[in-house]
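Worksheet: one structure, shown below.
By convention in this document, chain letters (A, B, ...) are assigned in the order of the sequence lines, proteins followed by strands, and residues within each chain are numbered from 1.
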4 protein chains.
Amino acid sequence: MTEQNKHLLEEMLQEDESLTEKQKQILVAATEMFAEKGFAATSTNEIAKKAGVAEGTIFRHYKTKKELLLSIVTPMMVKMLAPFIIKDLNKVLDKEFEHFEDFLRAMIKNRQEFLEKNLKVVQIFLQEIPFHYELREQFIEHVGKKVLGRFTQIVEHYQIKGQITNMPPTTVIRLTASTIMGYFVTKHVIGANWNDVEEINQMITFLMKGLTAEN
Amino acid sequence: MTEQNKHLLEEMLQEDESLTEKQKQILVAATEMFAEKGFAATSTNEIAKKAGVAEGTIFRHYKTKKELLLSIVTPMMVKMLAPFIIKDLNKVLDKEFEHFEDFLRAMIKNRQEFLEKNLKVVQIFLQEIPFHYELREQFIEHVGKKVLGRFTQIVEHYQIKGQITNMPPTTVIRLTASTIMGYFVTKHVIGANWNDVEEINQMITFLMKGLTAEN
Amino acid sequence: MTEQNKHLLEEMLQEDESLTEKQKQILVAATEMFAEKGFAATSTNEIAKKAGVAEGTIFRHYKTKKELLLSIVTPMMVKMLAPFIIKDLNKVLDKEFEHFEDFLRAMIKNRQEFLEKNLKVVQIFLQEIPFHYELREQFIEHVGKKVLGRFTQIVEHYQIKGQITNMPPTTVIRLTASTIMGYFVTKHVIGANWNDVEEINQMITFLMKGLTAEN
Amino acid sequence: MTEQNKHLLEEMLQEDESLTEKQKQILVAATEMFAEKGFAATSTNEIAKKAGVAEGTIFRHYKTKKELLLSIVTPMMVKMLAPFIIKDLNKVLDKEFEHFEDFLRAMIKNRQEFLEKNLKVVQIFLQEIPFHYELREQFIEHVGKKVLGRFTQIVEHYQIKGQITNMPPTTVIRLTASTIMGYFVTKHVIGANWNDVEEINQMITFLMKGLTAEN
DNA sequence: AATGAATGAGTCTTCATTCAT
DNA sequence: TATGAATGAAGACTCATTCAT
């Protein structure tokens with residue numbers, strides 16, 4: 001797990017050159033601990049120790065503990081949504097994914113890769129969203145408005161093509177998203193003993209059958 | 001919300017006569033606050049004030065803050081699963097639900113009623129499960145072993161009848177559960193502007209089509 | 001140890017008929033715990049539990065925790081001194097103990113029996129005396145004035161007889177008492193591996209030689 | 001009394017440069033209060049106030065209240081024993097103290113000076129030893145094993161020279177130690193009205209006579 | 001006489017944050 | 001930039017004591 005997380009932080013450090021070495025250590029340590037024990041139950045003292053940094057150093061970079069949390073979660077949220085907000089998505093769509101199933105498959109694969117890279121940060125996000133209105137607002141701002149809009153277009157696209165049922169697009173999205181998230185959660189909880197390829201196929205079969213257009 | 005929660009606590013107080021009046025006030029207040037701010041961010045001082053009780057009184061009844069949390073969540077978990085562990089479930093099944101769809105519909109309705117009554121406690125449970133291994137263990141103990149077993153029987157029952165697909169029962173259960181939980185979550189988040197009957201129908205249509213047996 | 005202690009409490013209960021059954025249980029439990037953990041570190045809650053009594057019951061009989069302590073220690077102190085305050089001590093002395101050595105031997109034996117019976121209470125007394133002026137005052141009142149007076153007479157008696165050195169009686173008493181108490185303390189600390197008869201003989205030899213009159 | 005204690009702390013502060021100014025204030029205040037009221041009855045709040053320091057500061061330096069106690073008592077115990085563990089003690093012995101009486105006198109003087117400097121800490125040690133197994137263990141470790149061994153050698157040395165009785169060395173040590181400690185305790189309790197020179201002479205006379213070799 | 005629920009002041013300890021160096 | 005000592009408010013929890021039953 002530590003391995004995967006390194007990637008995220010490495011990206012951060014490579015992309016954002018303004019970050020001090022110590023600052024990076026703080027971000028790594030905080031991510032680790034927030035994921036494990038939760039934001040409220042993690043003390044800045046612990047983070048400092050784990051990061052090999054003086055406690056004061058944390059507050060030199062982040063005015064408050066909460067700012068530290070947001071500085072971890074916010075960029076993830078932006079990145080998470082990036083692929084869906086790219087302007088020429090429609091073009092890509094039309095060309096690349098003749099069938100809804102192909103789109104589904106591509107999206108699942110893409111999200112899976114993202115999750116593997118950002119597992120801890122996503123975990124923090126999900127754990128903390130009930131307690132911080134800032135997170136909820138960010139989520140609504142980004143996902144609720146932008147992503148949902150995109151997805152609606154996409155769903156309508158395939159509905160027009162007659163490939164999927166004519167339910168309201170939001171409902172289609174909800175059913176699809178629930179299924180995929182249920183898959184990720186179960187996989188994450190089960191851990192081993194999990195035949196990935198098989199399960200994905202079954203899930204896609206289920207989705208395609210469930211969403212198929214009434215003849 | 002307070003309204004619905006009263007039900008749970010009222011049951012508690014009526015069934016469990018060993019509870020002091022003050023103790024009940026503590027349970028109500030703690031439930032309220034844990035749901036709202038989370039366990040770690042709620043202080044026993046706050047709970048005491050909200051309950052109109054001295055702080056010491058809390059600890060006279062619950063040795064630790066965590067014990068208070070568990071005393072709220074544990075009984076809910078037991079109750080939550082009760083309907084699925086009733087001994088003559090199979091009999092009921094055979095007689096009452098000729099078709100899988102009827103079973104689904106009944107279960108959704110039943111769970112929905114349960115949720116409405118215990119919204120806050122369920123919320124606490126979901127929010128806190130990442131941070132307390134006791135909750136995870138209880139969940140595995142009860143759900144993982146008992147409920148999953150029951151559901152497996154049920155799914156196999158309908159598979160044999162040829163009503164649903166021959167995927168592994170656990171997969172069927174996962175797909176179904178994901179869909180239903182996604183429905184509850186969305187409903188809870190959206191709040192208003194929600195056509196319940198319509199959404200349930202669409203969900204069931206989706207599930208039935210998705211799980212239909214390949215003839 | 002519990003065994004020996006029972007004796008003390010049994011005496012208490014037999015002599016003092018005004019004591020309730022519960023009250024006796026409280027005294028036994030409190031003695032046990034005060035000896036083990038010290039007065040300040042023992043809670044009335046613990047005492048109540050150990051005594052099998054409600055916490056309120058303690059305060060029905062003893063207005064404060066300190067009163068409970070004193071009600072344990074004070075009677076012991078009175079009893080401890082009793083033998084030395086008996087009016088006809090001199091008579092007894094003259095007749096029974098021709099030599100100082102016999103007096104010493106008798107006293108050591110007598111004190112030893114007392115200690116065995118009241119080990120815990122004496123322990124409490126010694127542990128708590130630095131922290132409670134009441135205990136110091138009681139001790140001065142009883143020992144400082146009464147016992148010291150008696151002993152002075154006794155020492156002078158043997159000095160006149162030419163059996164012991166002519167140092168000031170208080171010094172003789174101090175040297176003798178130090179030696180005897182050192183013996184008890186060491187015995188108590190060592191526990192096993194202790195040849196009682198031998199050690200007492202050596203101690204008496206030491207004392208007799210050390211206190212012998214310069215001819 | 002405060003005067004004498006300053007010495008100890010002053011040494012601490014001069015030798016141990018790692019101690020903060022505040023930390024020293026904490027040690028002084030804690031020593032004062034522990035001696036006066038006992039460990040269990042002294043609150044960290046009191047200590048902080050007396051030290052002119054925030055309560056949190058105490059716990060920045062000492063993880064627990066008990067650690068504070070030990071950090072006061074442990075170094076004293078080490079220092080207390082130092083003179084007896086010096087490697088060339090035998091050499092010193094042979095050359096400096098031809099007679100056991102001289103050795104006794106030197107030791108009493110030496111211990112007296114030590115006590116005067118460390119009165120409070122020794123008091124704390126004696127008061128708390130019944131309640132903290134750590135103190136008992138430290139004492140056994142240091143005194144029981146190291147010091148007792150040295151003293152045995154010394155006693156045997158004078159026994160071989162025919163200056164003192166042939167009782168088992170441990171018994172000789174016990175008798176001597178009891179006498180000396182009885183002297184210190186009485187002196188401390190009596191306070192004034194105490195002719196030091198006279199009392200020491202009488203004590204040594206007593207000891208020398210009591211321990212003299214049987215011709 | 002005995003209970004045990006209730007109290008609120010007090011306990012030790014932790015925390016996020018500040019600030020002089 | 002980084003430190004780490006210092007803070008004081010707040011945290012969970014304990015305590016001796018009271019009081020209605």
On the nucleotide E:dC12, are OP1 or OP2 found under 4.0 Å from the side-chain N or O atoms that D:K66 carries?
no
Ignoring the backbone of C:R60, work out which of F:dA5, E:dT17, F:dA20 is nearest its side chain.
F:dA20
Out of E:dA5, F:dA12, E:dT17, minimum distance to the side chain of B:H61 belongs to E:dA5
Using a heavy-atom cut-off of 4.0 Å across all strands, would you classify B:E55 as base, sugar-phosphate, or nothing?
base
Base, sugar-phosphate alone, or nothing: which one does D:T57 contact when heavy atoms must sit under 4.0 Å apart?
base
Between P on F:dA5 and CZ on D:F59, what's the gap in Å once rounded to a whole number?
17 Å
Applying a 4.0 Å non-hydrogen cut-off, can you work out what B:S43 is touching in the nucleic acid: base, sugar-phosphate, or nothing?
sugar-phosphate
Can you work out whether B:N45 or A:I58 has the more 5'-proximal nearest nucleotide on DNA chain F?
A:I58
Minimum-distance nucleotide to C:K22 side chain [options: E:dA1, E:dT3, E:dT13]
E:dT3
Heavy atoms of A:E55 and A:N45 approach each other most closely as OE2-N, 3.4 Å
D:A54 side-chain proximity, nearest of F:dT7, F:dA6, E:dA2
F:dT7
Taking only Lys NZ, Arg NE, NH1 and NH2, and the carboxylate oxygens of Asp or Glu, determine whether A:K49 and A:E46 approach each other closer than 4.0 Å.
no
When you check the gap from the basic side-chain N to the acidic O, do B:E36 and B:K120 get nearer than 4.0 Å?
no
Watson-Crick/G-U partner (both atom distances under 3.5 Å) of F:dC19
E:dG4
Counting side-chain heavy atoms from C-beta on, which of E:dA16, E:dA6, F:dA12 comes nearest to B:K65?
F:dA12
Heavy-atom closest pair, residues C:F39 and C:K65
O-NZ, 3.0 Å
